[in-house]
Amino acid sequence: GMRMRMEGGEEMQGAVGLRCTWDILPPAGMQSKWVRLNVGGTVFLTTRQTLCREQKSFLCRLCQGEELQSDRDETGAYLIDRDPTYFGPILNFLRHGKLVLDKDMAEEGVLEEAEFYNIGPLIRIIKDRLEEKNYTVTQVPPKHVYRVLQCQEEELTQMVSTMSDGWRFEQLVNIGSSYNYGNEDQTEFLCVVSKELYNSPSGLSSEPSHKAKVRPTLL
């Protein structure tokens with residue numbers, strides 16, 4: 001402390017000596033750089049610096065020991081009643097800022113832990129990944145449904161303009177004038193329209209319905 005520094009040399013040396021043993025045997029308090037965490041029976045060793053990468057997280061508050069009176073095991077490790085399987089990716093994210101998962105590991109499981117430990121950036125990364133995954137599931141592959149409609153030339157514009165949502169005009173085939181109405185020739189057309197049906201994750205085909213387009217969806 002300050003007092004030691006201001007007084008004579010002997011006490012200074014004492015203080016320096018003290019500081020050396022300090023590094024060799026860190027006390028269980030704030031001075032220790034290393035932190036042991038016992039997560040659901042598995043012990044993880046990490047540093048305060050790593051745990052405090054995310055200032056708002058439960059882990060940062062834990063090792064600062066401010067508001068959380070956490071239980072410790074016989075080795076002095078903080079006891080946390082959570083699944084150790086998913087703690088690995090959490091700790092690694094704090095170490096290097098990337099989300100790395102084994103192939104068997106569910107993102108949902110890590111998300112659950114990220115939310116518990118309150119690690120904002122990681123929560124966002126996983127939610128983005130899950131959305132991408134759902135999006136891919138939803139979009140692949142759309143089934144095309146085709147319809148062929150027969151109509152006369154004068155009905156054509158009305159038919160195309162009143163096509164319901166989701167139907168797309170594909171092709172027009174002129175099949176010639178097959179009837180005489182009085183003295184007017186009416187050209188007949190075959191009109192090909194298509195619609196994409198997406199397989200949604202629930203397994204039901206979802207079509208954009210007219211109602212959904214008019215009414216803003218409630219989040």
Side-chain angles (χ1 to χ4, degrees), residues 1-7 11-138 201-203 218-219:
M2 286 297 287
R3 193 177 53 79
M4 282 186 175
R5 201 175 303 132
M6 288 161 84
E7 291 179 10
E11 279 195 73
M12 260 306 269
Q13 285 168 344
V16 173
L18 231 163
R19 205 177 308 131
C20 295
T21 51
W22 211 244
D23 291 339
I24 302 159
L25 297 167
M30 271 303 286
Q31 294 80 359
S32 169
K33 179 188 165 192
W34 290 94
V35 182
R36 293 164 72 89
L37 301 168
N38 182 336
V39 183
T42 306
V43 174
F44 292 87
L45 190 62
T46 182
T47 64
R48 281 176 200 285
Q49 188 189 358
T50 297
L51 293 180
C52 289
R53 283 271 153 72
E54 189 46 45
Q55 297 287 314
K56 296 192 190 78
S57 79
F58 165 85
L59 295 165
C60 182
R61 283 162 45 210
L62 180 74
C63 71
Q64 286 171 341
E66 279 166 19
E67 55 230 271
L68 296 166
Q69 282 308 307
S70 181
D71 291 333
R72 297 177 177 232
D73 68 9
E74 60 283 352
T75 69
Y78 292 106
L79 284 162
I80 302 174
D81 182 21
R82 300 297 290 187
D83 186 342
T85 319
Y86 293 109
F87 189 68
I90 298 274
L91 194 52
N92 282 329
F93 176 77
L94 290 172
R95 284 170 176 154
H96 51 53
K98 293 190 194 76
L99 174 59
V100 183
L101 294 181
D102 293 343
K103 61 181 189 306
D104 312 326
M105 211 173 258
E107 272 130 342
E108 287 87 349
V110 186
L111 178 60
E112 202 53 50
E113 300 310 292
E115 287 182 335
F116 172 78
Y117 295 113
N118 191 27
I119 301 169
L122 182 55
I123 296 172
R124 283 192 292 279
I125 289 174
I126 303 173
K127 283 190 172 164
D128 286 352
R129 271 206 198 184
L130 288 171
E131 257 170 47
E132 258 169 53
K133 218 185 248 183
N134 285 345
Y135 184 75
T136 326
V137 171
T138 313
S202 58
L218 296 170
L219 292 172

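Quick caveat: nothing in here was measured; it's all calculated off a predicted structure.
Within the model, atoms CZ of Phe58 and CZ of Arg82 stand 9.0 Å from one another, a figure rounded to the nearest 0.5 Å. How far CD1 of Ile80 is from CZ of Phe116: 7.0 Å, rounded to the nearest 0.5 Å. The CG atom of Leu51 sits 11.5 Å away from the CD1 atom of Ile90 when rounded to the nearest 0.5 Å.
Applying the side-chain contact (heavy atoms from CB on, under 4.5 Å) test to Asn118 and every residue at least two apart in sequence or in another chain returns Lys56. Checked against side chain to side chain donor-acceptor pair (under 3.5 Å), Thr50 has the following partners two or more places apart in sequence or in another chain: Thr47. Applying the ring pair (Phe, Tyr, Trp, His ring centres under 6.0 Å) criterion to Phe87, with sequence neighbours excluded, gives Phe44, Tyr117. Under the side chain to side chain donor-acceptor pair (under 3.5 Å) criterion, Thr42 pairs with no residue, sequence neighbours left out. When the salt bridge (charged side-chain N to carboxylate O under 4.0 Å, His left out) test is applied to Arg53, no partner is found at least two apart in sequence or on another chain. Applying the side-chain contact (heavy atoms from CB on, under 4.5 Å) rule to Thr85 yields the partners Asp83, Met105; only residues at least two apart in sequence or on another chain are considered.
Within a 6.0 Å radius of CG in Asp81, other residues, nucleotides and ligands contribute 12 heavy atoms or fewer. With a 6.0 Å radius and a threshold of 12 heavy atoms from other residues, nucleotides or ligands, Gln49 has its CD atom at or below the threshold.
Across all their heavy atoms, Leu111 and Ile123 have their closest contact at CD1-CG2, 3.9 Å. Minimum heavy-atom separation, Ile119 to Ser57: CG1-CB, 3.9 Å. Nearest heavy-atom pair across Pro89 and Leu99 is CB-CD1, 4.4 Å. Closest heavy-atom contact between Ile126 and Ala114: CD1-CB, 4.4 Å. Contact detail for Leu130 and Glu107: the closest heavy-atom pair is CD2-CB, 3.8 Å. What you find for Trp34 and Thr46 is that their closest heavy atoms are CE3-O, 3.3 Å.
Looking only at side-chain heavy atoms (C-beta outward), Leu62 and Val35 stay at 4.5 Å or farther from each other. Within the 4.5 Å cutoff, the side chain of Leu101 has heavy atoms near those of the Arg129 side chain. Counting only heavy atoms from C-beta outward, the side chains of Thr75 and Val43 never approach each other to under 4.5 Å. Looking at heavy atoms from C-beta onward, Val110 lies out of side-chain contact with Phe93 at the 4.5 angstrom threshold.
Ion pair Glu108/Lys133 not flagged as a salt bridge, since none of the NZ, NE, NH1 or NH2 atoms sits closer than 4.0 Å to an Asp/Glu carboxylate oxygen.
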